[in-house]
Structures are given as C-alpha cells and as structure tokens.
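This is the structure I want to talk about, given as structure tokens.
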Amino acid sequence: MTRKLYVKSYGCQMNVYDSNRMADLLAPEGYVETAAPDDADLIILNTCHIREKAAEKVYSELGRMRQLKDDAAQEGRRVTVAVAGCVAQAEGQEIIRRAPVVDLVVGPQSYHKLPDLLARNERQETGIIETEFPVEDKFDFLPAPTKAATRARGVTAFVTVQEGCDKFCTFCVVPYTRGAEISRPVEKILEEVRNLADAGVREVTLIGQNVNAYHGEGFGRTFTLGQFLRRVAEVPGIARLRYTTSHPRDVDDDLIAVHRDLPQLSPQLHLPVQSGSDRILGAMNRRHTRADYLRTIERLRTARPDLALTSDFIVGFPAETEADFADTLRIVDEVGYAGAFSFKYSPRPGTPGANMSAQVPDEVKSERLARLQAAINRNAATFNARCRGITFDVLLEKPGRLPGQLTGRSPYLQPVQVMAPSHLIGTMASVTITEIGTNSLFGVLAERPRIGPNSAQPLEALGA
Ligand code: SAM
Ligand code: SF4
C-alpha cells in the first residue's frame with residue numbers, strides 16, 4: 001500500500017540530512033514523499049530548539065496540522081503527526097500536552113525506530129515518546145537511499161560524519177539535545193560518499209555540530225578530519241568538498257594542511273567566532289580568545305590565500321557591554337567576512353547562560369543586531385564586488401529562473417546564474433562573473449578552460 005509522507009525540516013543542515021534519512025527509512029514501508037502536507041498520511045516536523053523563536057514556530061505549525069488532521073478525518077482519512085528533532089528531545093511529553101494533535105515524539109538519536117513507533121501508533125497506541133539516547137547506533141539501522149532518491153535530491157549532498165557536542169558553550173542547547181560527541185566510522189562514511197557519487201552527486205558537505213572534532217575509526221587507526229578529508233577527496237566523481245560547522249579550538253595542523261593540498265576542498269570556511277570580545281568569549285565558554293581566532297585565520301590564509309571566511313555571531317549575551325560589542329564590530333572588519341549569520345541571544349532552558357545575571361534588554365539586542373548586520377553586509381558586498389571579472393569553477397546544479405539559464409554555486413557558495421544548456425547540470429563549468437546582483441552573481445561560460453577544481457583566478461584578488 002502506498003502512503004504519502006510529508007517531512008518539514010527546521011534549522012540546521014543536520015536536520016536536512018536526518019529528514020532525508022527518515023524518508024529513506026520509510027520508503028520500504030510504502031511511504032512516498034510529497035511536497036504538500038494536505039494529502040499526506042504521515043507528517044513529520046523535524047524541529048530545531050536552538051533559539052526560542054525556532055522552537056515556537058513548531059507550535060504554530062502544529063496548530064495548522066490540527067486543522068489539516070480534522071479535515072482529513074471528515075473525509076475518513078487518518079493522518080499521523082510526528083515531531084522529531086531537537087524540540088522533541090528537549091520537550092518530550094510537554095509537546096503532547098501543548099499539542100494533543102501529535103501522535104508521536106521521536107528524538108534525533110532514535111528516529112531509526114520510526115517504523116516500530118508507527119506500527120504502535122497504528123495499533124491505536126497514543127502519546128508515544130521515544131527520546132532515550134539508545135545504546136545502538138542509529139546509522140546501523142538506516143538504509144542507503146536508492147539511486148533514484150539521491151538523483152531527485154540533486155548533485156550536492158550533506159553527509160553527517162559527527163554528531164553531538166562536548167564543548168558546552170554556555171548559550172547552547174546542542175550538548176543536551178544531540179548528546180555527547182560521536183564520530184561515525186571512516187569506512188561507513190566512505191561507502192556512503194561512494195554511493196552518492198555513483199548516483200551523480202558531485203559536491204559533498206561533511207556535517208557535524210562540531211565537525212572538526214571528528215575522530216573516526218578506520219583502517220585500524222583514528223582519523224582527524226583533515227586526514228579523513230584526504231580519503232574522501234579520493235572518491236571518484238566528487239569534484240567539490242566542504243565541511244561544516246567547525247569550532248575554532250579544533251582547527252589543527254592537519255586541517256590547515258588540507259586547505260593547502262586538496263584542490264577539491266572549497267576555499268570557503270564557516271568558522272563561527274560568536275563574539276569579538278575576550279570577556280564575552282570567556283563567559284560563553286568558547287575556550288579561545290580573539291587573538292587565538294585571528295591567528296588561526298592567518299594560518300589558514302597562509303595555507304590558502306583565496307580562503308573566504310564566514311561566521312556566526314550572537315549579540316546581547318548576558319553582560320555584553322557597548323565596549324564588548326564594539327570589539328565584535330571590529331572583528332568583522334578585521335577578518336573581512338564574505339558573509340555571516342547573526343542572532344540575538346536567546347536564553348535557552350537548562351543552559352548556564354539562561355541563569356546569568358545582567359541579561360541584556362531586547363531593544364539593546366535589536367539595535368546591536370542591526371549595526372552588526374550592516375557591518376556584515378558591507379563586508380559581504382565588498383567581497384562580492386571583488387568577484388566581478390573573475391573566472392570561477394561553478395557547479396551547475398539546476399535550471400535557473402529564466403529559460404536557458406542554469407543556477408550553480410561558486411567555490412564560495414554564492415549562487416551564480418548563467419546561460420548554459422541543461423545537459424551541463426551536474427558538471428563543473430568555468431564561468432566568468434559579469435554582474436553582481438543582490439542575491440546572485442551573474443556570469444557567462446568562459447572561453448578559457450578552468451585552471452583547476454574550485455579555483456578562482458587571480459587568487460590574490462580575493463585575499464583579505
Ligand atoms: N557548533 C557550532 C559552533 O560552535 O559555532 C554552532 C552550532 S549552532 C547549531 C548554530 C549557531 O546558532 C551558533 O553558532 C550560534 O551563533 C547560534 N546560537 C546557538 N545558541 C544560541 C542562542 N541561545 N541564542 C542565539 N543564537 C544561538
Ligand atoms: Fe553549541 Fe557549537 Fe558550542 Fe557545541 S561548540 S555547544 S554545538 S555552539
């Protein structure tokens with residue numbers, strides 16, 4: 001019997017990956033993915049708990065789901081609503097109390113049990129909650145996606161290599177919702193990457209909450225992320241590699257060396273600093289100073305002069321003064337970020353930051369956020385403007401908005417629009433950037449061949 005599955009992902013790339021794996025897991029049970037919740041038999045909300053707003057979004061979506069479930073019941077159709085992800089892990093029973101429309105709650109480490117939980121739900125069991133951190137490894141129970149499913153997802157893919165976090169930054173819920181840090185075994189990940197490449201994937205992003213803490217076992221030894229990236233780069237068909245999100249403390253010599261040695265490795269690195277003030281970095285328990293961070297960037301840029309940096313920032317962490325915030329503004333200009341995400345500090349239940357005195361008023365946070373975003377946007381615009389006239393390797397991903405146009409991404413993750421025949425989808429093309437738009441770069445297929453995978457020329461034009 002074919003049933004329809006609607007999965008909605010909130011938050012980070014780890015959730016996007018998990019949502020795909022849930023769909024792969026449920027495919028043999030007869031579930032086919034649909035993009036419309038209205039005709040789904042099973043709805044899974046794969047949730048994010050990182051900020052209060054993200055968590056609250058889930059409850060408003062559940063309000064809509066109640067209506068949808070009632071309408072379906074009137075037509076004699078039964079719809080099952082499941083909440084997965086980090087809100088599920090953090091709030092468990094509370095979700096069913098607040099939203100009785102929910103049939104089952106499953107945490108990020110136990111979604112491999114979904115077929116079982118759904119069978120229990122079909123036997124009319126209500127209020128099913130599965131949020132233990134199981135002893136078994138969920139990855140051992142997750143089937144590989146079919147080639148058709150991989151193809152439908154496009155030529156780029158995320159692969160989770162590391163999960164959980166032991167850093168305990170004082171603002172962050174991840175160590176509580178995702179649990180202790182674990183690294184997947186090398187050979188299993190390589191097999192997953194080979195399968196993706198066989199199905200046409202050309203760009204792989206290795207993901208983890210603290211991805212550069214990776215220490216996976218394989219071939220009789222333990223691999224650092226840098227050592228592991230060298231193995232992944234050997235997989236035939238993988239033209240571009242990325243990894244995210246890294247912690248500045250865990251950038252080691254191996255990792256810096258692969259930025260110099262691996263042409264497949266994207267010259268864009270997301271390295272969140274959160275704050276430019278040593279006092280706030282200390283209170284956040286980030287375990288590095290502003291100077292440590294800048295030194296790491298200098299070493300990375302020595303290894304790869306065209307490296308572009310992006311970051312995450314939090315404004316209004318408890319006790320942040322105007323002077324602390326000025327240090328944050330300064331670091332934005334000092335690094336010259338190509339882009340960054342920035343957030344108002346959101347106190348999260350159970351984290352040390354939530355109990356700290358001197359919480360910053362919301363108006364102050366909003367005002368600082370606006371100033372920070374202006375500084376980030378200014379730097380991003382400067383970076384983008386420097387791209388005009390440069391010939392990039394662009395991985396062409398899908399049809400663009402205009403007829404005859406394709407959309408791809410530059411080595412720096414910028415969307416690039418180019419007139420090109422559709423048979424070039426999935427290939428790395430040389431594109432010369434002619435115009436800088438608000439959300440995209442525009443370019444033309446270059447006459448000169450590219451000088452190497454993921455290269456930009458001239459390299460020094462993009463230096464800090
Ligand atoms: N592991 C990554 C790191 O160490 O930077 C970040 C993971 S977190 C999922 C993504 C981003 O959300 C963080 O970098 C931080 O900027 C932001 N974030 C986390 N907790 C937050 C909070 N309580 N309030 C506001 N932003 C938060
Ligand atoms: Fe959260 Fe990242 Fe800090 Fe871990 S390192 S606690 S995931 S912000």
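Every number for a ligand or one of its atoms is a count from 1 in the order of the listing. This structure is a prediction, so every number in the text was calculated from the model and none was measured. Computed over heavy atoms, backbone and side chain alike; hydrogens, waters and symmetry mates excluded.
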Subject >> Option passing side-chain contact (heavy atoms from CB on, under 4.5 Å) with V211 (candidates T205, V161, D250, T160) >> reply: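 The residue from T205, V161, D250, T160 that satisfies side-chain contact (heavy atoms from CB on, under 4.5 Å) with V211 turns out to be V161.
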
closest protein heavy atom to atom 1 (Fe) of ligand 2 is C172 SG, 2.2 Å

Check your understanding: Is there a heavy atom of R286 sitting under 4.0 angstrom from any atom of ligand 2?
Key -> yes

- Looking only at distances, please establish whether an N/O atom of ligand 1 is found under 3.5 Å from an N/O atom of T245.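 No; the residue has no nitrogen or oxygen that sits under 3.5 Å from a nitrogen or oxygen of the ligand.
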
Within the 4.0 Å heavy-atom cut-off, what N210 brings close to ligand 2 is neither

* What protein heavy atom is closest to atom 11 (C) of ligand 1, reported as residue, atom name and distance in Å? ->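 That would be D312 OD2, 3.4 Å.
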
So CG of L229 and CG of D261: to nearest 0.5 Å the spacing works out to 11.5 Å

* Under-4.0 Å heavy-atom contact with ligand 2, by part of F168 that carries it ->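 The backbone, only.
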
_Distance under 4.0 Å to a non-hydrogen atom of H247: what atoms of ligand 2 satisfy this?_
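Checking each atom against H247, I get 5 (S).
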
If you scan protein heavy atoms around atom 3 (C) of ligand 1, the nearest is R286 NH1, 3.7 Å

- Query: Is the closest heavy-atom distance from K344 to ligand 1 below 4.0 Å?
  - Reply: yes

Within 4.0 Å of some non-hydrogen atom of F171, the atoms of ligand 2 are 8 (S)

- Item | Within reach of ligand 1, part of Q274 (heavy-atom separation under 4.0 Å) |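 Contact part for Q274 vs ligand 1: side chain (C-beta onward).
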
Residue C169, metal atom 3 (Fe) of ligand 2, N/O/S under 2.8 Å: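 Yes, since at least one N, O or S atom of C169 sits under 2.8 Å from atom 3 (Fe) of ligand 2.
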
Short version for P272: what comes under 4.0 Å of ligand 2, heavy atoms counted, is neither

- Tell me which part of F343 gets within contact of ligand 1: side chain, backbone, both or neither, using heavy atoms under 4.0 Å.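 Near ligand 1, F343 shows its side chain, while the N, CA, C and O stay back.
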
To atom 24 (N) of ligand 1, the nearest of S346, C169, P272 on a heavy-atom basis is S346

field: Atom indices of ligand 2, in the order listed, that fall short of 4.0 Å to a heavy atom of P175
entry: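 Ligand 2 atoms under the 4.0 Å threshold to P175: 6 (S).
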
Inset, instruction - Among all protein heavy atoms, pick out the one at the shortest distance from atom 4 (Fe) of ligand 2; state its residue, atom name and that distance to 0.1 Å. - result: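 Here the closest protein heavy atom is C165 SG, 2.3 Å.
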
Original post:
How about T222 and E217: does a side-chain donor come under 3.5 Å of a side-chain acceptor?
Top reply: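 Note: T222 and E217 side chains meet the donor-acceptor criterion.
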
Atom 7 (C) of ligand 1: the protein heavy-atom neighbour that sits closest, reported with distance to 0.1 Å: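 The protein heavy atom lying closest is Q209 O, 4.7 Å.
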
Closest protein heavy atom (residue, atom, distance) for atom 27 (C) of ligand 1:
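That would be R51 NH1, 3.4 Å.
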
message: Suppose we measure from atom 19 (C) of ligand 1 to each protein heavy atom; which comes out shortest, and what is that distance?
response: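 Answer, as residue, atom name and distance: I50 CG1, 3.4 Å.
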
